[in-house]
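A short worksheet on the structure shown next.
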Amino acid sequence: MLRFIASRIVALVAILFVLATITFFLQAVIPNDPARTMAGPAAGPAAVQHIREEFGFDKPLVSQYVGFMSRLLHGDLSVSVHTQRPVTTDLSTALPATLELFIAAFVLTLLLGLVIGLLTATPRRGSALIRSGLILGASIPNFCLALLALLVLYAHLRWFPASQRLSSDLSAPVGPTGLLTIDGLIAGRLDVVRDALWHLFLPALCLSLAPALVLARTLRSSLRSALFQDYARTARAKGLTERQVLLRHALRNALNAPLTLTGLEVGAMLAGIAVVESVFSWPGIGLYTVRAIDSSDFPAIIGVTLVIGAVYVVANALVDLAQLAADPRLRK
Amino acid sequence: MKQRWIALGLVIVFVGIAACSPKAVNNASKNNGNGNDTLRLAFSDNPTGGIDPANFYNIEGEALILSVYEGLLRYAPETGELEGSLADTWEASEDLKTFTFHLHEGVKFQDGTDFNSEAVRTSFQREIDLATGPSYMVADIAKMDTPDPLTFVVHLKHPNNAFLDYMASMYGPKVISPKAISDNAQGKDLGKKWLASNAVGTGPFSLQTYQQDSRFVLQRFDDYWGDKANFKTVDIAVIPDIGAQQLQLQAGDLDMILHGISASQVESLQGSGATVSSFKSVIRQIILINPNRPPFDDQQAREAFAAALDIGSAVEAVYGKYATVAQSIYPKFTLPEGMAPVDYTSDATVPEGTPITITFPNVEPDLRRFAEYFQPQIEKAGFKVTLKADTYAQEFGYYKNLKNAPNAIVSTFNPDAAHPDTWARLLWNTNGGLNLLGYSVPASDKAMDQAVAATSKSTADSLYAKAGELMSDQRLIVMLSDAQDLFAVNSDITGLEHVPEYIWTLNLASLRRK
């Protein structure tokens, strides 16, 4: 176990170093002028030069890289060109919002995937229709789903709000996590918790639906394969009901493939976050990333790249651990 | 059977989450029944770099800054004429180097401190010292005097007939509470870090909340020296997607959309119960031509390109009645009508299949439509056109490698003020801030320098016209259209006041609910 954790940490550091370096040197390829972006589009040469000198943009790129990596080792991700605040400050504001959305979406993914996978594992009337529905649902792009959800569930049915994390008449409690649901619970503000969940549901659903359906299809295939194994036949012969065979025997054996897929789907969900946050005006790192790319804000882009890279590596490490827990054969 | 119960249970949970929402289902959030309590707007982005008026040099966010801060002068609604703001009256010396402002008496800052000439001097000096984007407007100040609390005198190093327009510009120097600056300065930053997300001005609204990427809330300033605002609160949500803004306007969760409305969307918005109001503005659509690489390093090719454009039909197709074809090299409200007319006729030709790349900003669907509309016309003239989308940030970086920059850029700009210098000098002066493609027309630069120092308005206008014609003769910039400023407004909102030079914003204080 220690060796496993150590190897993952080494991999994390190496991946982050490579990501930071590649992203940093992309500046040389993309035409941009961070000093101009900070000074304003119509700023004169004097104002632009002033900012260039203040932030070191006038130095050679390699020299800027050395300075950047040196600051990075001390946890300093430089100043965002767009917001003109430290990138670490921006990320510390945006990350809790994305984390809350991601956790909600992840939980929904697992729940929906598990339930739908179980429900469709055994043959029933309408299986072909259900299968087609799963394929269709998994094929809808995130932005399409988000806009559809806004149109139907907000504009027409008025069931859910269209944007933001909290209603304008509520003030967010100051808490240790930045997650409104948790901080609301800690502060005893059930009104905030309810309102935050209400705002969270629609974007989380849009983010989770496609991966949930992919997970369900994979789980369904694995379960159907497991239900035909010898141990399943033996269990039936011993008098267990089909439900008992499914839940006690087949499910655990069928989890390997879906769990592996979950790790990959985390990446897909992270990719979808930018779109979902933009459509729902969710103030997370997805929205921050979109703005950073639009304004060629490389300090912010690097910061986000490092955060997402770290999350992806950690998430896959957790998936590996979950697989080890589920399948004792892999521990050898 | 049990699986069906599980499925039914899930459906009940989902419906329950919706039903247990803090607001009831079908909450009639239209108006929230709150009369003139809260005006709800949206920004598509945070104000870039924050809301320090000495640092802010973009457009999104002006509605907030102009509601909280004021300058010495402003432009009047509709006419765009200069009028007093914090200064009641003013005089300019004959040599246009000394400007005396007589300040309004009894003005308070939102922190309760008194407004006076010393406060003006502090704000001006701060802007000079910070030397950021809009600071060119005060950079030529040699000395400032405050002979009494209600008189402020500026002495310039050189004559400048644009100085009064700088004072009225939406980017012009705004007066900030000196107490707020001194109390919140960190080291030698002159309060820059604090003022990025806080504000203490003299305007009709004070800033209550600034949550980046989330919302900004303004409160009516009840001690405002002028006409009190009708709305008690202005709630500005950050909603990046224009489609989401439109949905929320139609659902009654927003009271207005300040920009981003295409002419093609007007009908559908009006059909949903909103009112779309259009106002004349200084917004101008143009094509910048790159003379640093083939084929446009040859003037003949530039002339052939410009002559090929059927600008009239393109403007009609893209904007309908919400823009007019540019008749002058200068946008409306800057030069008298009829001066510096555009003329792109030419018999020049290019070899068949001459390749060019034309870009347009990815966030501007109307500019994309322009480019697509022009493409067949330009190809008929012999060019082989490739269209590409880019970002504004990339456009500002093309100067680093002009030989690899696009051959032409379709874009939209606006002058900083109702003065031709803030158009010509920015756009095609050799050192212009918006001179994206490295133009240099020394004779035009010289005409501009003579124009800005001219003591007679007619002489100045003639010189600016000459500066424009010298540039236009070389076909460096093709002027396309003067677009109107479009606002989608909840039909129960009235009192709309728009200043042509203050784009993407209305006077929030004059708005009220019927």
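Everything quoted here is computed from the prediction, not taken from an experiment. We name chains A, B, ... by the order of the sequence lines, and we start the count at 1 in each one. We use all heavy atoms of the structure for the numbers below, so side chains are in, but hydrogens, waters and symmetry mates are not.
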Can you say whether [X] sits under 4.5 Å from chain A via the side chain, the backbone, both, or neither, judging by heavy atoms?
| X | value |
| --- | --- |
| Tyr136(B) | neither |
| Leu130(B) | backbone |
| Leu426(B) | side chain |
| Val363(B) | side chain |
| Ala131(B) | both |
| Tyr399(B) | side chain |
| Thr233(B) | neither |
| Asn362(B) | side chain |

Partner chain A: residue of [options] with the largest heavy-atom pair count (under 4.5 Å):
| options | value |
| --- | --- |
| Tyr398(B), Phe396(B), Phe413(B) | Phe396(B) |
| Thr132(B), Val238(B), Asn404(B) | Val238(B) |
| Thr391(B), Leu427(B), Thr209(B) | Thr391(B) |
| Lys400(B), Lys193(B), Gln211(B), Glu395(B) | Lys400(B) |

Heavy-atom pair of closest approach, residues [X] and [Y]:
| X | Y | result |
| --- | --- | --- |
| Ser168(A) | Asp235(B) | CB-OD2, 3.3 Å |
| Ala393(B) | Asp294(A) | CB-O, 3.7 Å |
| Arg215(B) | Leu166(A) | NH1-O, 3.8 Å |
| Val279(A) | Ala244(B) | O-CB, 3.8 Å |
| Asp241(B) | Ser278(A) | CB-O, 3.9 Å |

Could you check which of Ser163(A), Pro34(A), Ser80(A) has the highest count of heavy-atom pairs closer than 4.5 Å to chain B?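 That would be Ser163(A).
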Any idea which of His199(A), Glu54(A), His50(A), Arg291(A) has the most non-hydrogen atom pairs under 4.5 angstrom with chain B? Arg291(A)
Can you tell me which portion of Leu287(A) sits under 4.5 Å from chain B's heavy atoms? Options are side chain, backbone, both or neither. side chain
Under 4.5 Å from any heavy atom of chain B - which part of Asp90(A):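 Answer is side chain: those atoms of Asp90(A) sit under 4.5 Å from chain B.
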Residues Arg165(A), Asp213(B): salt bridge by 4.0 Å N-O rule: no
For [X] and [Y], which I'm curious about, is there any donor-acceptor pair between the side chains at under 3.5 Å?
| X | Y | answer |
| --- | --- | --- |
| Tyr154(A) | Asp253(B) | yes |
| Asn46(B) | His82(A) | no |
| Ser214(B) | Gln164(A) | yes |

State, with a plain yes or no, whether a side-chain heavy atom of Pro240(B) is found less than 4.5 Å away from one of Glu277(A). no
Less than 4.5 Å apart, side chain to side chain, heavy atoms only: is that true for Arg85(A) and Gln212(B)? yes
